[in-house]
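Residue numbering restarts at 1 for every chain, and letters A, B, ... go by the order of the sequence lines.
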Amino acid sequence: MAKDLTTRKENYSQWYNNLVVKADLAEQSAVRGCMVIKPYGYAIWEFMQDALDKMFKATGHVNAYFPLFIPKSFFGREADHVEGFAKECAVVTHHRLMNDPNGGGVVVDPDAKLEEELIVRPTSETIIWDTYRNWIKSYRDLPILCNQWANVVRWEMRTRLFLRTAEFLWQEGHTAHADREEAVAEARRMLDVYTEFAEKWLAIPVYRGVKSANERFAGALDTYCIEALMQDGKALQAGTSHFLGQNFAKAFDVKFLNKENKLEHVWATSWGVSTRLMGALIMSHSDDDGLVLPPKIAPIQVVIVPIYKNDEERTITCQRGAELKQQLEAAGLRVKLDDRDNQKPGYKFHEWELKGVPVRLVIGPRDVKEGTVEVARRDLMSKEVMAYEGLVAKVTELMQAIQDNIYQKALNFRNDNTFEVDTWDAFKEQIEKGGIVHAFWDGTTETELKIKEETKATLRFIPLDVKEENGTDVYSGKPAKMRVYFAKAY
RNA sequence: CGGGAUGUAGCGCAGCCCGGUAGCGCGCUUCGUUCGGGACGAAGAGGCCGCAAGUUCGAAUCUUGUCAUCCCGACCA
């Protein structure tokens, strides 16, 4: 176990907070609820951004940027939307500071009050749809497939590093379409993109589904989601894609002339993932020794640690290490040679394990003489001695093997912790223990809320293409047509 | 917004009950010895004790106020 890292069993939430800070991913800032993302954590986010951005572009999307500030009046236009976000908005009321004439330091200049307050965006539907009105006149202007990488602010009561911060980074796609079918297809397509990203890159298996009316995004007709299961048995919503219908087009008067020369409202989607994925990544794979990063998004994929007793040995092992680094980099790997002279090998081993580097190569004088290298895997915490010859190919293969193993392990955990239950007692008992529960639901919000009240479990999603079958609701005992998934969630 | 807790060196903490001018561990700096799983020795640097009043000859310590943060809930990506 890593020094000073709380174990998961001891206190899962403390383990998480501890790990985020110790692995140098992020730390609390001077501003309540806002974090500083440190270089190592930000590097992971950049790999996420890079992969997602490529996938967005491959599916025909382009990037744009819209303002941070939104006129207050915009929020009133869509009733559900304002209700959903009103309680967590940061509001700008003034535009100038001054020195307090009474010597109280810098104060807000009361003469600099804004005519209309500005809301720091909690999400950008309103400002974007106000803009789209000017962009869209004809069916020939559609579809619009825009994404933006941005920060947003939601004034949360209680925050946690990456999982829920007052300010967070995300991408938000906002698309406009000529008809309903195309918009629904777009929302579904982006759910596919998120699924692929979560599973192939982050090695996080996800369930795909649609939210109940109660859990739907404010202003959406349908909210599709990917849900992941964390190691403590709680679910985490990892991404959402919304079919917005014509709600925003109506609220912002966005119409187009169709082929029949008739004026119609535009159909919309929006979809996003955030730095919350960092939290999902950490909680899916990491252990009591620290982070476990899937090779595809690990800022450092291979770390090389030289072992030596004197200057001469230091020279030859570092030389061999540098040579190996060059070869690995030529093969496209991200490599760090840890030639610091002020730390002993043991210290370095623990540090890189804490930071989740997938593979560690150790080169001592013995290895140089015998043409070998010690190869250690972070995911298995195993090590073996391999020949220096042909090592590049072996390490390259290891990357995929580790990526697959991490995914498989998470998938097994997820499957082992998804339970089908048919009685209310079994439901309560299982929710208490943790995991995802698959049970019959009568389809009413009333039942959903009662279940939440009594067990704190929420209806996470209704599976896509859910099969209709007859059963009885696990709570109400009323006839039910389908099984859905419940869990306690982040 | 309810409940709990904490503010003393970069980090983690002790000292407070019983007032007398601040200490420990880690880290940091320099030198030497070390180096195949978190090294050791020696010598150093670093703090108006969250802030503001009050009591007192004297406050990290007592009183009052205030600010902030963290944790657990309710709400949310």
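Atom CD of A:Glu432 is surrounded by 12 or fewer heavy atoms from other residues, nucleotides or ligands within 6.0 Å. Annotation for A:Gln326: atom CD does not count as buried by contact number, only 12 or fewer foreign heavy atoms lying within 6.0 Å.
Taking atom P on both nucleotides, B:rA14 is separated from B:rU66 by 26 Å, rounded to a whole Å. Separating the C1' atom of B:rU69 from that of B:rU8 is a span of 16 Å, rounded to the nearest Å. The gap from the P atom of B:rC31 to that of B:rC70 amounts to 40 Å, rounded to the nearest Å.
The base of B:rG73 has none of its N or O atoms less than 3.5 Å from a complementary donor or acceptor on the side chain of A:Lys456.
Counting to the nearest Å, the C1' atom of B:rG36 and the CG atom of A:Asn310 are 14 Å from each other. Spacing between atom CD of A:Glu27 and atom P of B:rC70 amounts to 12 Å, rounded to whole angstrom units.
At the heavy-atom level, A:Gln28 lies under 4.0 Å from the strands shown only through sugar-phosphate atoms.
Side-chain atoms of A:Ser13 lie closest to B:rC71 of the nucleotides B:rA74, B:rC71, B:rG37. When the nucleotides B:rA74, B:rC76, B:rG36 are ranked by their closest atom to the side chain of A:Lys344, B:rG36 comes out on top. For A:Gln343, taking side-chain heavy atoms from C-beta onward, the closest of the listed nucleotides B:rC1, B:rC28, B:rC72 is B:rC28. For A:Val362, counting side-chain heavy atoms from C-beta on, the closest listed nucleotide (B:rA74, B:rG36, B:rC71) is B:rG36. Comparing atom distances between the A:Pro345 side chain and each of B:rC76, B:rC35, B:rG73 picks out B:rC35 as nearest. Among the nucleotides B:rC75, B:rG38, B:rG36, the one closest to any side-chain atom of A:Ile307 is B:rG36.
One side chain, A:Glu323 or A:Tyr388, offers a donor N or O that lies under 3.5 Å from an acceptor on the other. Counting only N and O atoms by type, the side chains of A:Asn11 and A:Thr6 include no donor and acceptor under 3.5 Å apart.
Between A:Tyr224 and A:Phe461, the distance separating the two ring centers is not shorter than 6.0 angstrom.
Counting only residues at least two apart or in different chains, salt bridge (charged side-chain N to carboxylate O under 4.0 Å, His left out) contacts with residues 184-207 of chain A comprise A:Glu186-A:Arg189, A:Arg188-A:Asp465, A:Asp192-A:Arg208.
Considering only side-chain N and O atoms, A:Lys452 lies under 4.0 angstrom from the phosphate OP1 or OP2 of B:rC75.
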Structure string for RNA chain B in dot-bracket form, Watson-Crick and G-U at under 3.5 Å, | interchain:
((((((((.[[[[.)....(..]]]].((((((.....)))))).....[[[[[..)....]]]]])))))))....
